[in-house]
K.L.:
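Can you read through this structure? Questions will come right after.
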Amino acid sequence: RATLIQLDPGASDPGTLAGALRDGLLEIAPGAPVPPFGADDTAYPRAYLRRLLEGLLATAPAGVLVALDDFHHLNGAPVLADALAAVLVDRVGQLRLLVGSRSAPSRSWARLVVDGVMAELEPELLLMDQAEIQTLLEQRADWPHGSGAAVVATIRAASGGWPFGVAALIEVARRRPAAAGALPPDEARATVLESLTREIVDGLAAPDRRRLMLLAPCRVVSADVVAEILGAEAALLLERMWRDHVLVERDPARGPRAAPRYRMHDLLRDALCERARIELRDEEAAASAGALARALLHAGEDDAARDLLVANAAWPPLAEHLEQAAEGLLASGRAGALLRCLDALPPTLHEARPMLRYWRGLGLLSADPTASRRELEAAYAALRACGNGPTVVRAWSALVDAIWFEWEDCARLDPCIVDLPELAALPGLGDSELALLSRGALAALSIRRPEHPDFALWEGRALALFQRRLSRPETVRRGRC
């Protein structure tokens with residue numbers, strides 16, 4: 001048995017990586033007791049990965065093959081890459097692993113090579129490196145622009161190293177006079193896309209070309225969503241392109257009744273998007289993107305929906321979605337995915353919605369306490385003026401955390417202390433808000449006002465909460481592990 005797990009750019013978030021691994025492993029052993037990824041697992045990814053593999057190997061046949069493609073998306077999260085290597089090293093006799101990457105994995109994987117349990121091939125085997133491009137240019141008698149480092153670097157950057165793009169660039173640039181030099185970088189990239197357009201896009205019938213242009217902003221999309229919004233012909237077109245090996249990949253279905261999911265090659269997507277700017281009306285593209293995004297959200301394909309909304313600059317729907325989805329993204333270890341979407345929003349829209357500033361502040365808390373504190377100050381002030389009690393208390397608690405996490409000017413806690421009586425009197429506070437208020441009050445008073453007349457009151461409330469079990473993320477966030 002074998003499974004292919006293709007990692008997305010968001011795999012550097014622990015929750016995204018865990019979800020991709022879990023879905024892929026369930027294809028090998030559908031009844032395996034693999035655990036879902038919970039909020040507690042964000043701080044301890046290695047422990048979760050160990051449980052995940054143990055659950056798989058409890059029921060999977062011996063010698064299963066797991067293929068991890070696009071592993072380079074974990075370069076920004078070496079902790080996750082190291083955790084995965086650590087749990088795999090003890091299980092090499094039970095499963096086989098194939099890793100595909102456009103760059104070398106983290107150094108922890110070198111242990112597997114040194115121990116002789118993993119063979120290493122060139123990480124960019126499918127791409128042409130600079131030496132290969134240089135050799136190709138030197139062997140072309142009709143190439144007039146030399147094979148210097150600048151020429152080679154321009155060709156590789158514009159083509160991404162893909163042989164198709166390299167060949168297209170050489171074919172166009174060789175016709176330029178030697179005195180004119182090779183193509184400048186911007187023109188070189190445009191040449192690759194134009195060549196791809198001539199070879200593939202222009203050969204399509206007009207209705208098929210329109211369908212692909214509408215789908216191009218989607219990094220991955222399921223066949224049932226495509227059929228629902230653009231018709232069955234669009235889903236059949238993707239299937240036909242996959243079967244004909246025309247820059248379309250098909251992911252395995254996520255279940256016996258699940259529809260297949262398709263991915264267009266990035267070069268094809270870029271070429272289609274360029275053509276869409278010419279042939280599609282803005283309102284048509286926006287309407288299609290909105291319908292696709294709604295269908296993707298309904299189907300649980302939230303990542304694809306967010307990619308689509310960002311690509312089409314559909315900012316109000318994206319903002320509304322993020323306000324609803326932010327808590328779940330943070331709880332599932334996907335702060336990076338949340339921050340990427342929030343950072344894409346226009347500043348005016350972001351600043352006008354205090355809940356977006358609150359969620360961005362929480363997402364930045366451990367990575368950049370200063371930026372977190374600035375966002376939470378603005379969010380707290382705005383929510384205090386118009387928000388309900390529980391929301392105001394949550395923003396206040398997060399702001400207290402950011403100030404002492406930053407540990408630059410703890411005098412900023414003084415206004416938070418002044419607000420305590422007003423916050424305690426707010427209507428609608430539940431147990432969770434009262435807990436946040438008590439813990440934040442004890443932290444702020446301990447740092448700035450241990451002589452405060454209400455110190456004993458808040459201390460008693462906070463100490464009583466220590467008898468309750470806190471979730472690991474909250475424990476880690478508050479520095480009490």
Side-chain angles (χ1 to χ4, degrees), residues 39 319-331 335 338-339 342 345 347-366 368-406 409-449 452-455 457-462 464-465 468 470-471 473-475 477-479:
E320 293 175 7
H321 164 71
L322 291 176
E323 286 185 340
Q324 299 172 5
E327 186 173 9
L329 286 170
L330 289 176
L338 173 62
L339 291 174
L342 288 174
L345 293 171
T348 52
L349 178 60
H350 171 74
E351 293 168 2
R353 302 180 83 118
M355 284 307 297
L356 292 181
R357 305 200 74 166
Y358 167 72
W359 291 121
R360 186 170 188 271
L362 279 185
L364 290 168
L365 188 57
S366 59
D368 189 347
T370 298
S372 172
R373 187 255 308 161
R374 291 171 182 156
E375 290 280 26
L376 291 169
E377 282 178 339
Y380 173 58
L383 291 170
R384 188 181 174 198
C386 62
N388 61 17
T391 304
V392 173
V393 169
R394 286 195 291 270
W396 175 90
S397 172
L399 175 58
V400 169
D401 284 346
I403 292 171
W404 72 267
F405 271 37
E406 183 184 21
D409 182 6
C410 289
R412 294 190 176 103
L413 290 170
D414 293 348
C416 298
I417 294 173
V418 171
D419 292 345
L420 271 173
E422 176 185 335
L423 295 172
L426 288 174
L429 301 185
D431 290 343
S432 60
E433 288 79 30
L434 292 174
L436 291 173
L437 193 62
S438 300
R439 297 186 189 113
L442 178 59
L445 292 172
S446 298
I447 294 170
R448 292 292 298 171
R449 296 287 305 281
H452 193 282
D454 291 336
F455 183 90
L457 171 66
W458 291 112
E459 181 185 36
R461 292 179 177 177
L465 291 169
R468 305 180 188 176
L470 304 180
S471 67
E474 185 175 354
T475 302
R477 181 163 76 88
R478 293 174 176 275

K.L.:
Would Asp419 and Tyr380 count as a side-chain contact (heavy atoms from CB on, under 4.5 Å) here? Give the steps.
P.N.:
CA-CA 11 Å; Asp419 292 345; Tyr380 173 58; 2.7 Å; yes
K.L.:
Is Glu433 paired with Arg394 through a side-chain N to carboxylate O contact shorter than 4.0 Å?
P.N.:
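Salt bridge between Arg394 and Glu433, a charged N being under 4.0 Å from a carboxylate O: yes.
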K.L.:
State which residues pass side chain to side chain donor-acceptor pair (under 3.5 Å) with Thr370; sequence neighbours excluded, sorted by chain then number.
P.N.:
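Expected list: Glu406.
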K.L.:
So, do Trp458 and Leu420 sit near enough that their side-chain heavy atoms are less than 4.5 Å apart?
P.N.:
yes
K.L.:
Considering only heavy atoms from C-beta outward, does the side chain of Pro369 approach that of Trp404 to under 4.5 Å?
P.N.:
no
K.L.:
Any chance you could measure Cys416, atom SG, to Ile447, atom CD1, to the nearest 0.5 Å?
P.N.:
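CD1 of Ile447 is found 10.5 Å from SG of Cys416.
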K.L.:
According to side chain to side chain contact (heavy atoms under 4.5 Å, CB included), who are the partners of Leu457, at least two apart in sequence or on a separate chain?
P.N.:
Arg461
K.L.:
What's the separation between atom NE2 in His350 and atom CG in Leu342, rounded to the nearest 0.5 Å?
P.N.:
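Nearest 0.5 Å value for the NE2-CG distance: 6.5 Å.
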K.L.:
Using the side chain to side chain contact (heavy atoms under 4.5 Å, CB included) criterion, which residues pair with Ala326? Sequence neighbours excluded.
P.N.:
Leu338, Trp359
K.L.:
Which value, rounded to the nearest 0.5 Å, describes the distance between Leu376 atom CG and Ile403 atom CD1?
P.N.:
9.0 Å
K.L.:
Just to verify, what does Glu422 make a side chain to side chain donor-acceptor pair (under 3.5 Å) with, not counting sequence neighbours?
P.N.:
Arg384
K.L.:
I'd like to know whether Leu362 forms a side-chain contact (heavy atoms from CB on, under 4.5 Å) with Ser372, so could you lay out the CA-CA distance, the side-chain angles of the two residues, the decisive distance to 0.1 Å, and finally the verdict.
P.N.:
CA-CA 7 Å; Leu362 279 185; Ser372 172; over 6 Å; no
K.L.:
Rounded to the nearest 0.5 Å, how far does CG of Leu426 lie from CG of Asn388?
P.N.:
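It comes to 9.0 Å.
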K.L.:
Output all residues satisfying side chain to side chain contact (heavy atoms under 4.5 Å, CB included) with Ala382, sequence neighbours left out; order by chain, then residue number.
P.N.:
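By the side chain to side chain contact (heavy atoms under 4.5 Å, CB included) rule, Ala382 matches Pro354.
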K.L.:
Does Glu377 have any side chain to side chain donor-acceptor pair (under 3.5 Å) partners at least two apart in sequence or in another chain, and if so, which?
P.N.:
Arg373
K.L.:
I'd like to check the side chain to side chain contact (heavy atoms under 4.5 Å, CB included) partners of Ala385; sequence neighbours left out, ordered by chain and number.
P.N.:
none
K.L.:
For Glu323, enumerate each residue passing the side chain to side chain donor-acceptor pair (under 3.5 Å) test, keeping only those at least two apart in sequence or located in another chain.
P.N.:
Arg353
K.L.:
How long is the gap from CG on Leu322 to CZ on Arg360, to the nearest 0.5 Å?
P.N.:
12.5 Å
K.L.:
Tell me every residue that passes salt bridge (charged side-chain N to carboxylate O under 4.0 Å, His left out) with Asp454, counting only those two or more places apart in sequence or in another chain.
P.N.:
none
K.L.:
To the nearest 0.5 angstrom, please state how far the CD atom of Glu351 sits from the CZ atom of Arg357.
P.N.:
5.0 Å
K.L.:
Does Leu437 form a side-chain contact (heavy atoms from CB on, under 4.5 Å) with Ser397? I'd like the steps, not just the answer.
P.N.:
CA-CA 6 Å; Leu437 193 62; Ser397 172; over 6 Å; no
K.L.:
Measure across Val392 and Leu383 and return the closest heavy-atom pair with its distance rounded to 0.1 Å.
P.N.:
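Smallest interatomic distance, heavy atoms only, reads CG2-O, 3.3 Å.
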K.L.:
Determine whether Thr391 and Tyr358 satisfy the following criterion, side-chain contact (heavy atoms from CB on, under 4.5 Å), listing intermediate values before the conclusion.
P.N.:
CA-CA 10 Å; Thr391 304; Tyr358 167 72; 6.0 Å; no
